[in-house]
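Reviewing the structure listed below.
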Number of protein chains: 2
Amino acid sequence: MTETARPLRRDAQRNRERILLAAHDVFASRGFAATLDDVAHHAGVGVGTVYRRFPTKEALIEALFVDRLEDLVSLAEDALALPSGWDGLTMMLRRSIGMHAVDRGLRDAALCIGIDKNHFAKVGEHLLPLIQELFDRAHAEGSLRADVGIHDLPIIMATVTDLARHTPPGRPEIFRRFLELIIDGLRAGPENGDLGPAITQEDVEAIVHDCVPPIEARRRG
Amino acid sequence: MTETARPLRRDAQRNRERILLAAHDVFASRGFAATLDDVAHHAGVGVGTVYRRFPTKEALIEALFVDRLEDLVSLAEDALALPSGWDGLTMMLRRSIGMHAVDRGLRDAALCIGIDKNHFAKVGEHLLPLIQELFDRAHAEGSLRADVGIHDLPIIMATVTDLARHTPPGRPEIFRRFLELIIDGLRAGPENGDLGPAITQEDVEAIVHDCVPPIEARRRG
DNA sequence: CCGAAGTTGAGGAATAACCTCCGCTTAGTT
DNA sequence: AACTAAGCGGAGGTTATTCCTCAACTTCGG
């Protein structure tokens, strides 16, 4: 049953790389909503070529993002290396949101971690414990308010990056400002209001599912 | 040049009311993105009837919302009646966002105030000074951090109501929780971070413009 | 009972995304 | 050089979605 993947012809290989390069750009600006037609155009290649190389959008997305999500793991590791839990957590927030604002595809992929079992489960296994640890350390320190938890993170990410999307390009100050406001809201303080019941995993799934374009195109029916 | 608006036939008048009722529901759930076909369907009326009565979506939106936006003016007045500026401002935030979460059309209309000179300019003239006063009072008190201003309001509103939109119906706790987090971030405090440069009117216009479906349908061209 | 006012909903036109197909080109082997 | 399998291009079929019109029909009200 093992597919003997025979090597691509050299021109095909070159085109494959062109496609991946173009896909990087197109997905960066349009996220998972990008179309393969669009990718083809940017790659200076026919649509058919793209479909031949990546039979579905899923395949292309996996080829593009599975590795790049590891960057988030490194980021979390860097954040855990900081002596202060608060600094670690806020650095993670600022940097990851910065990355996602620049690459909307990466954002969509990151939001799928922990939601989509098919594509990004592996990264999730690495990443989620690190993030949990970031929260735990900040909680233990007393710097992070006790009534927020890891499930708040995707909500914050989704919301701020959505603002970033609507923000004129070249004005990152705006969503950064908004993020700083939220970060100040995350800080433990005597006057903090009541946040009400915590976010559940189901909430996160419902919201993220609704915020991220579907990876697989709706089949005709 | 005065149009002698002759009275509608009785059945037409009844249909007009049905349409407005249906439009209320449809716009509440879909916002300005609702289609007149949709409204017609919900009203149990042919599409043609809707187009006869309201030649454009604009006309229908105006008929629906111009009055209802006055509710926001009342709300702001109530908020100004509170002794504490902080309580007034946060009440305004909580209540208006609550209203907008329930009626997405109202949200879209409210966001257009101060952006769209054609449709809602009059309400803006009433509302904006009241809101400015809310901010001024809270600033004077020292309860609201000095580095946020009235231009932050539409950003907060747009963002939180957008979350509300993605939130499963019947779980208002989620966006409320998020709003409370932001409110705690708005409170003046010694540890507050640096928000960076303030939001400008142009920023607001660009963002809101991008967050709200266009009132006028794109003409074919 | 008639004419003006009103209604209807199928359907034309624009837009947009997905993907296939088949005639043509090219790499690379003999 | 010739041949062939691999690869390429992109027009166009298909499915949606939205906007809005129009010609045939119905109803109101004098």
Side-chain angles (χ1 to χ4, degrees), chain A residues 3-23 26-27 29-61 63 104-105 108 212-221, chain B residues 3-23 26-27 29-61 63 104-105 108 212-221:
Chain A
E3 298 267 344
T4 10
R6 80 167 61 175
L8 292 175
R9 231 166 65 177
R10 203 174 312 153
D11 56 341
Q13 181 58 37
R14 184 167 41 77
N15 275 340
R16 195 186 124 92
E17 266 146 36
R18 268 199 205 167
I19 289 169
L20 280 171
L21 239 48
V26 172
F27 277 82
S29 64
R30 302 236 283 132
F32 285 1
T35 71
L36 296 202
D37 288 54
D38 224 353
V39 171
H41 230 148
H42 276 245
V45 125
V47 217
T49 305
V50 175
Y51 279 96
R52 156 177 292 261
R53 215 46 72 208
F54 302 95
T56 67
K57 201 149 88 173
E58 270 176 283
L60 180 55
I61 285 175
R104 204 165 132 54
D108 288 347
V212 176
I215 295 187
E216 348 190 2
R218 272 174 313 161
R219 293 330 251 88
R220 23 189 102 188
Chain B
E3 296 266 344
T4 8
R6 81 166 61 172
L8 291 177
R9 232 166 64 176
R10 205 174 310 153
D11 56 339
Q13 182 59 37
R14 185 167 41 78
N15 276 341
R16 188 181 188 281
E17 267 146 34
R18 270 198 204 168
I19 289 169
L20 281 171
L21 240 48
V26 171
F27 277 83
S29 63
R30 302 237 280 130
F32 285 0
T35 71
L36 297 201
D37 288 56
D38 225 352
V39 172
H41 224 195
H42 276 244
V45 125
V47 217
T49 305
V50 174
Y51 279 96
R52 157 177 289 261
R53 215 46 73 206
F54 301 95
T56 68
K57 202 148 87 171
E58 271 177 284
L60 180 55
I61 285 175
R104 204 164 131 52
D108 288 347
V212 175
I215 294 188
E216 348 191 0
R218 272 173 312 161
R219 292 331 249 88
R220 22 187 107 187

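Since the structure is predicted, the reported quantities are computational estimates derived from the model, not experimental observations.
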Give me the distances for all protein-to-nucleotides 8-11 of chain C N/O pairs that come in under 3.5 Å?
{"unit_1": "C:dT8", "atom_1": "OP2", "unit_2": "B:G46", "atom_2": "N", "d": "2.7"}
{"unit_1": "C:dT8", "atom_1": "OP2", "unit_2": "B:T49", "atom_2": "OG1", "d": "2.5"}
{"unit_1": "C:dG9", "atom_1": "O6", "unit_2": "B:G48", "atom_2": "N", "d": "3.4"}

**OP:** In whole angstrom, give the distance that lies between atom CD1 of B:I19 and atom P of C:dG6.
**Re:** 12 Å

Subject >> side-chain hydrogen bond (donor to acceptor under 3.5 Å, both in side chains) contacts touching residues 41-51 of chain B (sequence neighbours left out) >> reply: none

Original post:
To the nearest angstrom, how far is B:R30 atom CZ from D:dT17 atom P?
Top reply: 10 Å

**OP:** Quick one: closest heavy-atom pair of B:A63 and B:F54, and the distance?
**Re:** CB-CE2, 4.0 Å

**OP:** Could I get the full list of side chain to side chain contact (heavy atoms under 4.5 Å, CB included) partners for A:E17, not counting sequence neighbours?
**Re:** A:Q13

**OP:** Using whole Å, report how far CD of A:Q13 lies from C1' of D:dC8.
**Re:** 16 Å

Subject >> Distance, rounded to the nearest Å, where B:L60 contributes CG and D:dC19 contributes P >> reply: 12 Å

Subject >> Taking every non-hydrogen atom, the tightest pair across B:A43 and B:I19 >> reply: CB-CA, 4.0 Å

Original post:
Side-chain contact, heavy-atom cut-off 4.5 Å: B:L20 with B:L60?
Top reply: yes

**OP:** Output all residues satisfying side chain to side chain donor-acceptor pair (under 3.5 Å) with A:R14, sequence neighbours left out; order by chain, then residue number.
**Re:** none

Original post:
Where along nucleotides 24-30 of chain D does protein come under 4.0 Å, by heavy atom, of base (B) or sugar-phosphate alone (S), with - for untouched nucleotides?
Top reply: ---BSS-

**OP:** With sequence neighbours excluded, give me every salt bridge (Lys or Arg N to Asp or Glu O under 4.0 Å) pair touching residues 46-55 of chain A.
**Re:** none

Original post:
How close or far is atom P of D:dC8 from atom CZ of A:R16, stated in whole angstroms?
Top reply: 12 Å

Original post:
side chain to side chain contact (heavy atoms under 4.5 Å, CB included) with A:S29: which residues, sequence neighbours excluded?
Top reply: none

May I have the list of side-chain donor-acceptor pairs in residues 30-39 of chain B shorter than 3.5 Å, sequence neighbours left out?
{"unit_1": "B:R30", "atom_1": "NE", "unit_2": "B:D38", "atom_2": "OD2", "d": "3.0"}
{"unit_1": "B:R30", "atom_1": "NH2", "unit_2": "B:D38", "atom_2": "OD2", "d": "3.2"}
{"unit_1": "B:T35", "atom_1": "OG1", "unit_2": "B:D38", "atom_2": "N", "d": "3.0"}

Original post:
Rounded to whole angstroms, how far apart are CZ on A:R53 and C1' on D:dG9?
Top reply: 14 Å

Original post:
Quick one: B:Y51 OH to C:dG12 C1', roughly how many Å, whole number?
Top reply: 14 Å

Subject >> Qualifying residues under salt bridge (charged side-chain N to carboxylate O under 4.0 Å, His left out), relative to B:R104, sequence neighbours excluded >> reply: B:D108

Subject >> Distance in angstrom units between B:K57 NZ and D:dT17 P, rounded >> reply: 16 Å

**OP:** Compute the angle between the rotation axes at the two ends of the helix from C:dC1-D:dG30 to C:dT30-D:dA1, each taken over five pairs, rounded to 10 degrees.
**Re:** 10°

